[in-house]
Each structure stands twice: as C-alpha cells, then as structure tokens.
Peer 1: 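I am attaching a structure below and will ask some questions about it afterwards.
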Amino acid sequence: MTITAGAGGVDSCDWTKMLCNMYEKWAMHKGFRFEILDVTPHEYAGFVAVNVKVIGKSAYAWIRGEAGVHRLVRISPFDSKGKRHTSFASVLVYPVDRGHNKHIMAVAEKDLRIDTFKASGAGGQHCKAERSQIRNRSVCMELLQARLAKLEHDKQQQAKSQERKGLPENAWGSQIRSYVMHPYQMVKDSRTGHTTTQLKAVLNGEIDEFLTKQLTLK
C-alpha cells in the first residue's frame with residue numbers, strides 16, 4: 001500500500017501519517033502484520049509518502065477497496081489563525097503475495113538504475129547503511145514486481161482499474177471518503193453512501209463497516 005499526500009500542504013502530509021496510523025491499528029485489530037517499508041517525511045510534520053505492507057489471510061481482499069483519494073476537514077493545528085483546512089491523501093493498493101503475482105515477468109538488473117548513498121559517519125554507521133541499502137533494494141524490487149504484476153493482471157482481465165490507469169486527481173472532488181472533524185464529526189464514503197459519526201473510532205482503525213460495505217457493493 002502506498003499513501004501519498006495531495007493538495008493541502010503540511011496538513012495533507014500530517015493527514016497521510018494519520019491514515020497510515022489508522023491502517024496500522026486496523027491491521028492490529030485483524031491480527032495482521034503491518035510493516036512500514038519506507039517513508040518520505042515532511043520537513044515539519046507527517047509524511048509526503050509512505051509505503052507499507054499488510055500481511056495476513058485475505059488482507060488484500062479486505063483492503064483493496066481503500067484505493068482512492070481520502071479527504072480530511074478540520075481546524076488546522078498548523079494554522080495560527082485557527083482556520084478550517086481541507087486536506088487530501090491518495091491510497092494505492094496492490095498485492096505482493098505469490099498467488100497474485102503468477103503473471104510476473106522477470107526484471108533484469110541491466111534495465112534498472114539503482115542509486116545508493118553512503119552515510120557520512122563512523123565505520124559502524126557505514127555498515128548499518130550498507131545493510132539498510134541491501135534491505136531497501138530487496139523492498140524496492142518487491143514493490144516493483146508487485147506493481148508490474150498488478151498491471152499485467154489488469155491488462156489480461158481488460159480491467160480499467162485505478163491501479164493501472166492512475167488514481168484521480170489528489171484533490172477536491174475526487175475523494176472516495178470524507179472525514180470531517182469540524183464543524184461536526186462524520187465519516188462518509190462517497191461510493192457506498194455509508195456514514196458514521198464515530199470519527200474517533202474510525203481513526204483508531206475501526207473501519208470494517210466501510211470495508212464490508214465496499215465488498216458487498218462489488
């Protein structure tokens with residue numbers, strides 16, 4: 001799963017981190033394993049983008065409906081005037097397990113450009129950096145293969161999914177779900193029409209009702 005900040009500046013980066021936390025808590029409720037693979041932090045708060053992996057039985061089937069733009073409305077904690085701000089973050093979901101990747105094509109290293117960076121500290125830091133680069137290289141290859149597998153699967157099924165043709169614009173009017181903190185509290189899914197006022201519970205990972213509604217919609 002990749003979560004990327006959209007329109008809204010630092011608020012959207014903070015929102016991206018909030019979504020990441022929400023999915024982590026949901027995974028914990030389900031007994032799934034949740035791993036943060038890599039993060040691009042914002043200078044002041046939150047994440048510009050984050051890649052995560054959710055591991056568990058039927059995890060992809062549960063979470064795939066979360067792909068799309070998520071909208072947050074709140075009084076910004078970063079606005080000294082206390083104004084209301086609207087923030088956006090996009091979610092991309094794709095499988096990485098072997099069952100979904102049966103159509104995967106081999107990726108030759110000669111077709112890739114791999115950049116590595118060395119730490120500027122003592123020898124121990126260099127060793128740690130080298131170990132991290134090996135792991136990051138493995139993670140990147142896994143993510144690349146997963147995305148290629150998704151594209152290939154969509155092509156064979158002739159499906160015009162968002163994962164293949166790109167998500168809608170990460171801004172106003174494209175959201176699949178809205179989370180409103182002010183002037184009232186509400187979470188509403190634009191596709192199913194499902195609504196709840198239990199905003200705090202949703203942000204604490206209690207999103208099964210939304211996931212179930214999306215599954216029944218399909």
Side-chain angles (χ1 to χ4, degrees), residues 1-30 32 34-54 59 62-94 143 162-163 165-214 217:
M1 175 185 288
T2 299
I3 312 173
T4 307
V10 64
D11 278 280
S12 287
C13 292
D14 189 50
W15 174 224
T16 297
K17 184 176 181 179
M18 290 170 64
L19 281 176
C20 182
N21 291 339
M22 181 183 78
Y23 292 124
E24 182 175 15
K25 292 174 182 177
W26 169 79
M28 181 177 64
H29 294 330
K30 303 294 286 186
F32 294 161
F34 185 92
E35 296 180 5
I36 295 180
L37 302 178
D38 63 82
V39 177
T40 303
H42 185 271
E43 180 181 3
Y44 298 112
F47 302 150
V48 174
V50 57
N51 285 303
V52 306
K53 181 193 285 187
V54 181
W62 273 106
I63 205 72
R64 63 184 178 184
E66 290 298 285
V69 177
H70 296 246
R71 168 178 169 252
L72 173 69
V73 181
R74 66 172 177 176
I75 298 295
S76 172
F78 308 102
D79 190 326
S80 59
K81 296 181 180 179
K83 292 184 177 181
R84 187 172 66 177
H85 283 240
T86 300
S87 310
F88 299 88
S90 66
V91 175
L92 178 64
V93 184
Y94 39 91
L143 290 173
Q162 289 182 333
E163 288 85 353
K165 65 180 181 180
L167 292 169
E169 183 181 0
N170 201 354
W172 186 273
S174 302
Q175 66 271 7
I176 63 165
R177 190 177 302 144
S178 295
Y179 307 70
V180 182
M181 291 186 173
H182 184 83
Y184 50 85
Q185 293 195 348
M186 181 187 73
V187 182
K188 181 176 181 179
D189 195 290
S190 303
R191 302 159 300 176
T192 65
H194 184 66
T195 303
T196 180
T197 58
Q198 302 303 310
L199 173 64
K200 185 176 180 180
V202 169
L203 293 179
N204 279 328
E206 297 180 23
I207 59 173
D208 270 359
E209 57 187 274
F210 287 96
L211 303 183
T212 301
K213 289 287 185 181
Q214 181 61 21
L217 181 67

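Counting begins at 1 with the first residue of the sequence.
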Peer 1: Could you grab the distance from atom NZ of Lys200 to atom CD of Gln185, nearest 0.5 Å is fine?
Peer 2: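 It is 9.5 Å, given to the nearest 0.5 Å.
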Peer 1: Say you draw a straight line from CD of Glu24 to NZ of Lys17; how long is it, rounded to the nearest 0.5 Å?
Peer 2: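 Answer rounded to 0.5 Å: 10.5 Å.
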Peer 1: Could you tell me whether the side chain of Cys20 reaches within less than 4.5 Å of the side chain of Val52, counting heavy atoms only?
Peer 2: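 A side-chain contact under 4.5 Å exists here.
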Peer 1: Is it true that, when you exclude Arg84 itself, more than 12 heavy atoms of the residues, nucleotides or ligands shown sit nearer than 6.0 Å to its CZ?
Peer 2: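 It does not: Arg84 CZ has 12 such atoms or fewer within range.
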Peer 1: Once rounded to the nearest 0.5 Å, what's the spacing between atom OG1 of Thr192 and atom CD1 of Ile176?
Peer 2: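 So the gap between those two atoms works out to 9.5 Å.
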Peer 1: Starting at CZ of Phe47, measure out to CE of Met18 and round the result to the nearest 0.5 Å.
Peer 2: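 Answer rounded to 0.5 Å: 12.5 Å.
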Peer 1: Is any side-chain heavy atom of Ile3 closer than 4.5 Å to a side-chain heavy atom of His70?
Peer 2: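 SC-SC contact between Ile3 and His70 ruled out.
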Peer 1: Please, which pairs that meet salt bridge (Lys or Arg N to Asp or Glu O under 4.0 Å) have at least one residue in residues 41-52, sequence neighbours excluded?
Peer 2: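 Listed by first then second residue: nothing to list.
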Peer 1: Between Asp79 and Lys81, does any NZ, NE, NH1 or NH2 come within less than 4.0 Å of an OD or OE carboxylate oxygen?
Peer 2: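 Asp79 and Lys81: not salt-bridged.
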Peer 1: Residues two or more places apart in sequence or in another chain: which of them pass salt bridge (charged side-chain N to carboxylate O under 4.0 Å, His left out) with Asp11?
Peer 2: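 Per chain and number, Asp11 pairs via salt bridge (charged side-chain N to carboxylate O under 4.0 Å, His left out) with Arg74.
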Peer 1: First locate atom NZ of Lys30, then atom CG of Asp208, and finally report the distance between them rounded to the nearest 0.5 Å.
Peer 2: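 The NZ atom of Lys30 sits 4.0 Å away from the CG atom of Asp208.
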Peer 1: Treating Trp15 as the side-chain partner and Gly6 as the backbone partner, does any N or O pair qualify as donor plus acceptor under 3.5 Å?
Peer 2: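 No, because the side chain of Trp15 does not come within donor-acceptor range (under 3.5 Å) of the backbone of Gly6.
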Peer 1: Run the side chain to side chain contact (heavy atoms under 4.5 Å, CB included) check on Val54 and Tyr23 step by step: do they pass?
Peer 2: CA-CA 9 Å; Val54 181; Tyr23 292 124; 5.8 Å; no
Peer 1: Would you check if Thr2 and Tyr94 make a side-chain contact, meaning some heavy-atom pair closer than 4.5 Å?
Peer 2: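 Yes, their side chains come closer than 4.5 Å.
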Peer 1: Quick check: closest heavy atoms across Val69 and Phe88, and the distance to 0.1 Å?
Peer 2: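 What the structure gives for the nearest pair is CG1-CD2, 3.8 Å.
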Peer 1: Apply side chain to side chain contact (heavy atoms under 4.5 Å, CB included) to residues Tyr179 and Leu19 and explain how you reach the verdict.
Peer 2: CA-CA 11 Å; Tyr179 307 70; Leu19 281 176; 4.2 Å; yes
Peer 1: Does a side-chain heavy-atom distance below 4.5 Å link Asp14 with Ser87?
Peer 2: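 No, every pair of side-chain atoms sits at 4.5 Å or beyond.
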Peer 1: Is there side-chain contact between Phe34 and Met28, with heavy atoms separated by less than 4.5 Å?
Peer 2: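 Side chain of Phe34 against side chain of Met28, heavy atoms only: no contact under 4.5 Å found.
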Peer 1: Do you know which two heavy atoms are closest between Lys25 and Asn204, and how far apart they sit?
Peer 2: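 Residues Lys25 and Asn204, closest heavy atoms: NZ-OD1, 3.1 Å.
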Peer 1: Locate the shortest heavy-atom distance separating Cys13 from Ala45; write the atom from each residue and the value.
Peer 2: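 Heavy atoms only, the tightest pair is CB-O, 3.5 Å.
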Peer 1: Is there a donor-acceptor pair closer than 3.5 Å between any side-chain N or O of His29 and the backbone N or O of Ile207?
Peer 2: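 Pair absent, no side-chain N/O of His29 close to backbone of Ile207.
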Peer 1: List the steps and the verdict of side chain to side chain contact (heavy atoms under 4.5 Å, CB included) for Glu209 and His194.
Peer 2: CA-CA 8 Å; Glu209 57 187 274; His194 184 66; 2.5 Å; yes
Peer 1: What I'd like to find out is whether the side chain of Ile75 reaches to under 4.5 Å of the side chain of Met181, using heavy atoms alone.
Peer 2: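 Side chain of Ile75 against side chain of Met181, heavy atoms only: no contact under 4.5 Å found.
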Peer 1: If I take atom CG from residue Asp189 and atom CD from residue Glu66, how far apart are they, to the nearest 0.5 angstrom?
Peer 2: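 Rounded to the nearest 0.5 Å, the CG-CD separation comes out at 8.0 Å.
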Peer 1: Do side-chain atoms of Thr195 reach the backbone of Gly193 as a donor and acceptor pair under 3.5 angstrom?
Peer 2: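 Yes; judged by distance alone, with no hydrogens or angles, the pair exists.
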Peer 1: Can you find a heavy atom in the side chain of Arg71 that is under 4.5 Å from one in the side chain of Thr86?
Peer 2: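 Yes, side chains in contact.
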Peer 1: Say whether, by atom type as modelled, one donor and one acceptor occur between the side chain of Thr16 and the main chain of Ala49 under 3.5 angstrom.
Peer 2: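 Not confirmed, Thr16 side chain does not pair with Ala49 backbone.
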Peer 1: Can you find a heavy atom in the side chain of Arg177 that is under 4.5 Å from one in the side chain of Arg191?
Peer 2: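 Of all side-chain heavy-atom pairs linking Arg191 with Arg177, at least one is under 4.5 Å.
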